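Comments concern the structure below.
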2 protein chains.
Amino acid sequence: MNQPKIRNMEAFAAACGISRPTISKYFHDATSVRKSTRERIEAAIEEYDYRPNIFAIDQNRRKTKNIGIVVPYLADPVFGEIARNLERRCLEAGFRATLLSAHGEQELEIEAFDRLKALRPAGVLLAPLGRQSNLDALSQFCDEVPTVLFDRNIPGVGQAFVGSDNESFLSQSTEYLARTGEAPCFFEMKHPLNPNSIARRRSYQASMKALGLEPMTVQIDGEGWNLEEIGYEGAMQVLQNGSLPTNTVLCSNDRLAIGFLAACHQKGLRVGRHSGCAMRVAGHDDHPFSRFTCPPLTTVGHDYDVVSNYGVECLFNLIEKGGRFESRTETKFSARLVLRDSA
Amino acid sequence: MNQPKIRNMEAFAAACGISRPTISKYFHDATSVRKSTRERIEAAIEEYDYRPNIFAIDQNRRKTKNIGIVVPYLADPVFGEIARNLERRCLEAGFRATLLSAHGEQELEIEAFDRLKALRPAGVLLAPLGRQSNLDALSQFCDEVPTVLFDRNIPGVGQAFVGSDNESFLSQSTEYLARTGEAPCFFEMKHPLNPNSIARRRSYQASMKALGLEPMTVQIDGEGWNLEEIGYEGAMQVLQNGSLPTNTVLCSNDRLAIGFLAACHQKGLRVGRHSGCAMRVAGHDDHPFSRFTCPPLTTVGHDYDVVSNYGVECLFNLIEKGGRFESRTETKFSARLVLRDSA
DNA sequence: GAAAAAACTTTACGCGTGACAAGATTTATT
DNA sequence: AATAAATCTTGTCACGCGTAAAGTTTTTTC
């Protein structure tokens, strides 16, 4: 342990009394060297606490053991949770994960692309910004690096897409709400950043029409990623001026719904599906905290575990096939209604 | 734009008609080359869309422009938000930030250390796991890389510490609650992972004694990072068996408090500081969502912006001084009571 | 217009590793 | 024990860039 510090593989090889290429082979695949050699190397690792420089390794390897993960906004708990799941899966599969966030900015997403190109990853799991993405940079990146898109689809970009079936989400929630009370209006941002939002609005409208009902959308102002605040402010406005067409509100996502709940509380409106409640509020995504809102939020989502697992598997397939699929596939996981007290 | 792809600086230099060392100089400092040269290079960058490989750059530079940020658990919104702020500051200062999460696991924290060593960062902002950290690996890392600890202090480790003054936090909240109603009990995990928790408990006890009151702590079971759930389950238990010694609960942190609020709602207990409320609940940290709980959470915190700004400044100082301070400083930001409706 | 200064080019080496080929040594097979 | 097979060593090049020294060209200065 207290040996002089080893600076590189050459010095480590000398300290082992084994040649550098053999050491290199060992680190690439420990079973590729003779057992006695392996034991000598492992003893020396213990003694000198040496580990190869990860970035130097990747610079020259044909196939790296790196996977890039890019999310649009890491401070959003939904992406925090998804990213954590994805990273864990990658590690379990013997890959190293590099997590990058665009922080909601086009420039930073492009930066992330550059970084990943330099890292030469075996593959990338990418949730693009969407409307804010630079499409040229995005599609060029996907041409150079084997990429699976997730969460947010951009048609034709990437080798595959894995995400949510917005239609299933919306038909489940719309139908449930319409069946158990007043038909819901759809509460969303006027200019949503998330491509799913638009699909969700359309699906809501289609679901309502299929039920023989007239769609009612409530579109609120606001820009950026402070969705709870945007939801809160928007809700305060519509509650104040009484422009809500129904007592049942279906929010485009859970973060808006959390803001809506806060506004209802502020206004003294009791939310819930039980008697004595003035309103029903539901969301989408099954946000990590939606279990702990007051009342707990009725929402629609899918198991993070299952979806991240599938996304990672899809990427591993892609990597095995050399980075190209014959045709682009879109896998959309359908919804599971999560019935809680809010609606 | 549609030129043949440039693979490296050599090829780019050839395409420019300028020597590689000059190109290298340009990327290191654009003003270090003649104006006419700069323009030629910039025109070529436009044309070929070339950018140097970030990792190859750092491998050999004396001083890199890299800053490492390590957090214990990125899916925790508090750390998500802090990390976002820190990254932004680093970028503004012309550095590149590399964000790593230990995901609550000792092994992954050690992995993060290895990665950062390989990256040869100019400096590192590190929020250690705390109880779960491997102290040997941690202090060895801090010896090798200029490091500023933040959020969680480990005495003697790192060149400086920047974080919260837990005593100020607790004295403010305890005093306020005692003054405006029943004295608070302190609600916390029996075996908290966060070093701040222990300091907070002590400060609570000291504050109560200073007020001539007997401290009352409620310690709940639970392991891991699902703090809302742990808080919820713990609250359900104490509410069920009536073991709460007072109607005012001061939670060790906001995430536990969010769980507590959910339990109160479940039990039909109205929370707030107004008449007609059965309980008061307060937290600590000013969690990004504490504004949107029902009722909005009274808590104690400091401006994320101010603290991250100071932490980054501190690290820049350290970098300028060559990576060593003469003596280790501990900067603790004092609290600001955030009065909302819950207490 | 000559001298001085600045900017550039050429050449060469370094960083820490992967990869490959040729030969030497060890182990397994018969 | 002889042979084949597996494993290892030695040597060399590659990756994409930083850096330094020495020589050349361009620009500035007076």
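The shown structure was predicted, so the numbers you read here are calculated from the model rather than taken from an experiment. Convention: sequence-line order gives letters A, B, ...; per-chain numbering from 1.
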Parallel, tilted or perpendicular: rings of A:Y50 and A:F27 (30°, 60°):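 The rings of A:F27 and A:Y50 stand perpendicular, inter-plane angle above 60°.
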Ring geometry between B:F333 and B:Y310 (parallel below 30°, tilted from 30 to 60°, perpendicular above 60°):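 Aromatic pair B:Y310/B:F333 classed perpendicular.
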Sugar-phosphate, base or nothing in reach of A:Y50, heavy atoms under 4.0 Å: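 Sugar-phosphate contact only - A:Y50 comes under 4.0 Å of backbone atoms but never of a base.
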Ionic contact status for A:E81 with A:R84, cut-off 4.0 Å: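 A salt bridge is present here (some side-chain N lies under 4.0 Å from a carboxylate O).
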Ionic contact status for B:R89 with B:D305, cut-off 4.0 Å: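 Looking at B:R89 together with B:D305, the answer is yes, because their closest N to O distance falls below 4.0 Å.
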To the nearest Å, how far apart are [X] [atom1] and [N] [atom2]?
X: B:N8; N: D:dG18; atom1: CG; atom2: P; value: 12 Å
X: A:F12; N: C:dG18; atom1: CZ; atom2: C1'; value: 17 Å
X: B:E10; N: C:dT9; atom1: CD; atom2: P; value: 13 Å
X: A:N53; N: C:dT17; atom1: CG; atom2: P; value: 5 Å
X: B:F55; N: C:dG18; atom1: CZ; atom2: C1'; value: 18 Å
X: A:R115; N: D:dG16; atom1: CZ; atom2: P; value: 19 Å
X: B:R38; N: C:dA6; atom1: CZ; atom2: C1'; value: 15 Å
X: B:I23; N: C:dT9; atom1: CD1; atom2: C1'; value: 12 Å

Taking the side chain of [X] as its heavy atoms from C-beta onward, which of [options] lies nearest to it?
X: B:M9; options: D:dG16, D:dG18, D:dT7; result: D:dG18
X: A:R62; options: D:dG18, C:dC20, D:dT9; result: C:dC20
X: B:I57; options: D:dG16, C:dT9, D:dC17; result: D:dC17
X: B:T22; options: D:dG16, C:dC8, C:dG18; result: C:dC8
X: A:Q59; options: C:dA19, C:dT10, D:dG16; result: D:dG16
X: B:N60; options: C:dG14, D:dC17, C:dA7; result: C:dG14
X: B:S19; options: C:dT10, D:dG18, D:dT26; result: C:dT10
X: A:P21; options: C:dG18, D:dG11, D:dC17; result: D:dG11

A:E326, CD: over 12 other non-hydrogen atoms inside 6.0 angstrom: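 No, not enclosed.
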B:S24 side chain near D:dT19 phosphate (N/O to OP1/OP2, under 4.0 Å):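 Result: no.
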Closest-nucleotide ordering on DNA chain D, the 5'-leading residue of B:K25 and A:V33: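 It is A:V33, whose closest nucleotide lies nearer the 5' terminus.
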Whichever of B:R20 and B:G17 has its nearest DNA chain C nucleotide further upstream toward 5':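 The residue closer to the strand's 5' end, by nearest nucleotide, is B:G17.
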